[in-house]
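Step one of this worksheet: look at the structure below.
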Amino acid sequence: MAFESLSERFQSVFKKMRKEDRLNEKNMEEALREIKVALLESDVNFKVVKAFLSEVKEKALGSEVTRTVSPSEQLIKICHDEITALLGGDDSELTLPSKGRLMTYMMVGLQGTGKTTSAAKLAYFFQKKGFKVLLASLDVYRPAAIDQLRDLASSIGAGFYETDARDNPRKVAKEAKNEALNGGYDALILDTAGRLQIDEPLMGEIADIAKEERPDEALLLIDASAGQDAVNVAKAFNDSVRLTGVIVSKLDGDAKGGSALSIKYLTGLPIKLSGTGEKVGDLEAFHPERMAERILGMGDIVSLVEKAQEQIDEKEAERAAKKMMSGEATLDDMLKQMKMVQRLGSLGSIAALIPGMPKLSDADKERGEREMKTFEAVINSMTPYERSHPEVLRFSQKNRIAKGSGKTNADINRVLKRFEMYKKMMEEMKRYKKGGKFPPGGLGGLGGPRGMGGFPR
């Protein structure tokens, strides 16, 4: 995930500060020196770093000393508030479509940043909220870009505007808007042409389109790994188009993320959405406060709950819970639980949202994902009766399952061992439910490192 290195450095500073009795000039200078290096190494603009450190120091040394709050907690709170402000504060909410009034969204950016894919992601983002969306490609210079957007629109069930005006993007925009109005659409998303670099014809074209169509949101897509170049791009586009906000892509990767921390301070443009993966559903509303919590190693349980609400059917989850508590859980039930976890995203992305969850190495993530695939292949190679009664499995049956799944007998034994752990966990949950409380450590086996295949062992 982006900001991973920065998060580790902040946590190291806070850990050292826990040994102090109070914040003072000396320990603050040491802490700020480490934070400065961490921010600069994360490619945060030096002007932003200077302003951030100045604010943190002033508030830390000027804060009232209370016995109930430790120096590390004081510093965490101050850094949290300042990072939240850097990321946009309360100014990051995207204007959503409204029934009965067409809203227009204009996507701009350089070629190769994933703008067209992000346009489809935005359409899907709106569709999940119940809005009817029309997509239109204004990239008349690249037929492949038009074909790509048409295919993406078809894959998510969104509307796509077809036109013969292949040489006039301004005309396409106007016609698409009329089509959206006549077709009862709630949102029109205009995917403008990108360039490999900023040039006057590009800026003039999108400026004319923006002037004529007056989009409710003009959104610039930037790559989280672009560094300080992203700030320069944002300034150039904003001078021509009067942007309303930014979408940051690839926040799920290993980008340093400095551009995200710099762009609001230097351009005034808030980050409104973030891309967290390659799938069409991997676009999220950007919440500065929640991102600040992630950067500081505090997790983001609110986003995790929202993901669960979006991806997991409530009735399905309720049925699964009743089955689990009844003591009649089968291998099929365990597999369903694993798939529910998978719907929430990759193991790394889930772990990043859980407060206090140890960092998973790339090897851990890869091993966990591989193990989940192995479990699914093994269970799917069993007969329905074997899934309900795994105790009947003998050597010859295990050999058959191994051949059918492409796995080994050791893999099958590991699945069966994990299933026994799963059943014991369910029995423990049932006992504690009768007592009206959760077992020590919460849902232990279901979400922790020794869970039912959800995380590496």
Side-chain angles (χ1 to χ4, degrees), residues 97 102-128 131-223 233 236-237 240-241 243 246-247 249-250 273 275 277-283:
L102 177 66
M103 304 286 280
T104 302
Y105 300 82
M106 185 174 174
M107 301 283 290
V108 302
L110 297 181
Q111 189 175 317
T113 56
K115 179 171 53 59
T116 297
T117 303
S118 293
K121 287 182 177 181
L122 181 59
Y124 187 71
F125 179 84
F126 289 149
Q127 286 180 321
K128 287 192 297 181
F131 298 111
K132 185 180 179 183
V133 186
L134 179 67
L135 285 158
S137 176
L138 307 187
D139 193 349
V140 300
Y141 314 101
R142 293 193 308 132
I146 298 173
D147 294 340
Q148 180 188 5
L149 190 61
R150 182 192 298 108
D151 292 343
L152 287 168
S154 176
S155 71
I156 61 175
F160 178 76
Y161 179 66
E162 293 281 2
T163 177
D164 294 327
R166 292 291 184 229
D167 59 347
N168 192 332
R170 293 167 60 183
K171 185 177 179 182
V172 176
K174 188 178 296 293
E175 290 180 353
K177 192 165 190 177
N178 288 333
E179 174 71 17
L181 288 167
N182 295 331
Y185 288 91
D186 302 307
L188 169 64
I189 299 175
L190 301 174
D191 180 29
T192 65
R195 294 289 189 278
L196 293 176
Q197 59 184 5
I198 296 170
D199 55 42
E200 290 186 12
L202 166 66
M203 292 305 178
E205 178 180 292
I206 60 175
D208 287 343
I209 295 170
K211 185 177 180 179
E212 291 178 10
E213 303 308 326
R214 297 183 180 180
D216 297 278
E217 291 272 12
L219 302 168
L220 169 69
L221 181 74
I222 63 170
D223 189 321
V233 169
F237 272 96
S240 296
V241 188
L243 300 170
V246 170
I247 300 176
S249 66
K250 300 182 183 178
L273 296 159
E278 296 180 0
K279 296 179 181 178
V280 74
D282 294 335
L283 185 71

Distance (rounded to the nearest 0.5 Å) between [X] [atom1] and [Y] [atom2]:
X: F125; Y: I156; atom1: CZ; atom2: CD1; value: 13.0 Å
X: L219; Y: I247; atom1: CG; atom2: CD1; value: 4.5 Å
X: I189; Y: M103; atom1: CD1; atom2: CE; value: 12.0 Å

What pairs with D151 under side chain to side chain donor-acceptor pair (under 3.5 Å), at least two apart in sequence or on another chain?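 Not a single residue meets the side chain to side chain donor-acceptor pair (under 3.5 Å) criterion with D151.
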
Using only atom types and a distance under 3.5 Å, with no angle test, would you say the side chain of N182 pairs donor to acceptor with the backbone of E179?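 No.
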
Quick check: does any side chain N or O of S240 sit under 3.5 Å from a backbone N or O of A207, one acting as donor and the other as acceptor?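 Checking the backbone N and O of A207 against the side chain of S240, no donor-acceptor pair under 3.5 Å is found.
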
Compare all side-chain heavy atoms of [X] with those of [Y] and state whether any distance is below 4.5 angstrom.
X: L122; Y: L135; answer: no
X: Y141; Y: P169; answer: yes
X: K121; Y: L152; answer: no
X: R214; Y: T104; answer: no
X: N168; Y: V140; answer: no
X: M106; Y: E213; answer: no
X: L188; Y: L190; answer: yes
X: V233; Y: L110; answer: yes

Nearest heavy-atom neighbours spanning [X] and [Y]:
X: D223; Y: K250; answer: OD2-NZ, 3.0 Å
X: L202; Y: A193; answer: CD1-O, 3.3 Å
X: G159; Y: A153; answer: O-CB, 4.1 Å
X: F160; Y: S137; answer: CE1-N, 4.3 Å
X: A145; Y: D139; answer: CB-OD2, 3.5 Å
X: T192; Y: M107; answer: OG1-O, 2.5 Å

Crowded around Y124 OH? As in, over 12 foreign heavy atoms under 6.0 Å?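 No, because the 6.0 Å sphere around OH of Y124 holds 12 heavy atoms or fewer from other groups.
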
Does this structure show an ion pair linking [X] with [Y], if we count only N-O contacts that are shorter than 4.0 Å?
X: K132; Y: D186; answer: no
X: E162; Y: R150; answer: yes
X: K211; Y: D208; answer: no

Knowing that exactly one of T117, T113, L221 qualifies, which makes a side chain to side chain contact (heavy atoms under 4.5 Å, CB included) with S249?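 Of the listed options, the one satisfying the test is L221.
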
Would you say the ring centers of F126 and Y105 fall short of 6.0 Å from each other?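 Ring centres of Y105 and F126 closer than 6.0 Å.
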
If we check salt bridge (Lys or Arg N to Asp or Glu O under 4.0 Å) with R170, which of these qualifies: E212, E175, E205?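 When salt bridge (Lys or Arg N to Asp or Glu O under 4.0 Å) is applied between R170 and each of E212, E175, E205, only E212 qualifies.
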
Any chance you could lay out the side-chain hydrogen bond (donor to acceptor under 3.5 Å, both in side chains) test for T116 and D191, step after step, and finish with the verdict? CA-CA 6 Å; T116 297; D191 180 29; 2.8 Å; yes

